Amino acid sequence: MQELRQADPERYLATLYAPEDKREALAVLYLFNVEIAAIRDRIHEPLPGEIRVQWWRDVLAGNGEGAEGHPLAERLIAVMKAHSLPKEAFDRYLEARIFDLYDDPIPSRNDLEGYCGDTASTIIQLAALILDPNEASRFAAAAGHGGCALAISGLIRLLPVHTRRGQCYIPQDILQAAGTSRDEFVRAQAPEAAMRAMEAMIALGREHAGKLAADTKGMPPLLRPAFLPAALAPAYFDAASRRGFDPMQRVAEISALRRHWLLFRTASSGWR
């Protein structure tokens, strides 16, 4: 839990709303997500990154064979067995994460939503299975929309980081409709068109956040912690949309107090 607190403070806070006997399993799942997301930063060439991803795929598919001496992998295997988490979900997640190692463009909105679904949405679904395996499947659609809202808010926040290293997660069809291209966007050559593309991304994120709120009607309180990180997405969209704020140059943030309040309110009474 303390490692998660340092690595992913928002998911750490969300985990505190889960039953105490579920927190360690959630922390292991979330630290796995942190580990894979950080491969691009630790290994700067795609091929070694792919080798690292494949190592994880082999270990998880092989029920932990080869994981000896890797504490996180050993604990993740234990969590998967204890909570009957599907290997296929982890494999889809890892396959999708290979995209992060390259600077390839995302062709369309549908492709972006597919990437979000295989990454952030998958983590939400797995967390829901840990919390309440009997009810988790009823809220698969909510996990899909929650993951898209959460991932898009994260992509917007990390925009300055991505553009500095030549990455662009804004789909080409959105860029084209805004009057720019991937290369122009990364090089900041058409700022007005870039802002239009950003506004379209924020609108897409808000659309999924709205669908998440609709799909969580009747959600048991026990399941809410799995979805709580996505409850912060609208606040980040608001921050990135502030007058005079340039998300191309600065990371959109919200105050710690607002973060705590949104998580507490949603955990207590659900989505609004």
Side-chain angles (χ1 to χ4, degrees), residues 1-42 52-53 55-57 59-60 63-64 66-94 96-97 100 116 118-136 139 142-143 146-147 149-151 153-154 157-158 219-233 236 256 259-260 262-264 266-268:
M1 287 293 289
Q2 291 308 309
E3 187 176 348
L4 180 63
R5 184 177 187 176
Q6 296 296 321
D8 192 338
E10 293 179 354
R11 283 193 172 93
Y12 166 78
L13 292 173
T15 300
L16 296 179
Y17 290 97
E20 190 171 355
D21 63 342
K22 305 282 189 178
R23 292 176 189 171
E24 183 175 344
L26 291 174
V28 170
L29 174 65
Y30 294 154
L31 284 170
F32 163 74
N33 180 61
V34 170
E35 174 78 12
I36 303 303
I39 289 177
R40 168 77 185 236
D41 296 320
R42 295 173 181 168
R52 191 61 181 165
V53 171
W55 180 86
W56 276 99
R57 296 178 79 175
V59 164
L60 299 187
N63 293 318
E68 297 81 5
H70 194 295
L72 179 58
E74 291 177 341
R75 294 176 77 177
L76 181 60
I77 290 293
V79 168
M80 291 172 67
K81 291 178 179 178
H83 297 278
S84 302
L85 301 182
K87 296 179 184 178
E88 297 79 7
F90 286 93
D91 195 63
R92 287 196 305 271
Y93 170 92
L94 289 165
R97 281 296 191 180
D100 299 338
C116 296
D118 287 337
T119 54
S121 297
T122 292
I123 295 297
I124 292 175
Q125 289 174 313
L126 291 169
L129 285 170
I130 291 172
L131 289 169
D132 190 343
N134 296 321
E135 291 287 340
F139 296 92
L150 178 60
S153 70
R157 293 176 66 200
L158 291 175
M219 177 179 286
L222 181 59
L223 270 185
R224 288 177 191 163
F227 295 79
L228 283 182
L232 300 176
Y236 284 117
R259 186 183 303 120
H260 280 279
L262 289 171
L263 291 175
F264 171 77
T266 307
S268 302

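These figures come from a predicted structure and were not determined experimentally.
Heavy-atom contacts from other residues, nucleotides or ligands closer than 6.0 Å to CD of Glu20 number 12 or fewer.
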### Task
Go through the steps for Leu29 and Phe90 under the test side-chain contact (heavy atoms from CB on, under 4.5 Å), then give the verdict.
CA-CA 10 Å; Leu29 174 65; Phe90 286 93; 4.0 Å; yes
### Task
Given side-chain contact (heavy atoms from CB on, under 4.5 Å), test Arg224 with Thr266 step by step and report yes or no.
CA-CA 8 Å; Arg224 288 177 191 163; Thr266 307; 5.7 Å; no
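The ring of Phe32 has its center closer than 6.0 angstrom to the ring center of Trp56.
Leu228 CG to Leu263 CG: the interatomic distance, rounded to the nearest 0.5 Å, is 5.5 Å. Between the CZ atom in Arg259 and the CD atom in Glu10 there is a gap of 5.0 Å [rounded to 0.5 Å]. Atom CD1 of Ile36 is separated from atom CG of Leu31 by 11.5 Å, given to the nearest 0.5 angstrom.
Between Pro220 and Phe139, the closest heavy-atom pair is CD-CE1, 3.6 Å. The shortest non-hydrogen separation linking Tyr17 to Pro225 is O-CG, 3.5 Å. Summarising the geometry of Ala25 relative to His83, their closest heavy-atom pair is CB-NE2, 3.7 Å, with the distance given to 0.1 Å. Closest non-hydrogen pair, Asn33 versus Arg97, comes out as OD1-NH2, 3.4 Å. The two residues Leu4 and Tyr12 make their nearest non-hydrogen contact at CD2-CA, 3.8 Å. What you find for Ala230 and Gly146 is that their closest heavy atoms are CB-O, 3.5 Å.
By the side chain to side chain contact (heavy atoms under 4.5 Å, CB included) test, Pro19 is found to be paired with Asp21, Lys22, Leu131, Leu222, residues two or more places apart in sequence or in another chain being considered. When the side chain to side chain contact (heavy atoms under 4.5 Å, CB included) test is applied to Arg75, the partners found at least two apart in sequence or on another chain are Glu24, Val28.
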All N/O donor-acceptor pairs, side-chain side in residues 120-129, below 3.5 Å, sequence neighbours left out:
residue	atom	partner	partner atom	Å
Ser121	OG	Ala143	O	3.1
Ser121	OG	Gly144	O	3.0
Thr122	OG1	Gly117	O	3.1
Thr122	OG1	Asp118	O	3.1

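Contact of the Phe264 side chain with the Leu13 side chain is not registered, since no non-hydrogen atoms from C-beta on lie closer than 4.5 Å. Using a 4.5 Å heavy-atom cutoff, the side chains of Glu3 and Tyr30 are not in contact. Contact annotation: the side chain of Asp91 never approaches that of Leu60 to less than 4.5 Å [non-hydrogen atoms, C-beta and beyond]. In this structure the side chain of Val79 reaches within 4.5 angstrom of the side chain of Ile130, judged on heavy atoms. Here the side chains of Thr15 and Met1 are in contact, with some heavy-atom distance below 4.5 Å.
Proximity of a side-chain donor or acceptor of Arg11 to a complementary backbone N or O of Pro229 within less than 3.5 Å is not detected.
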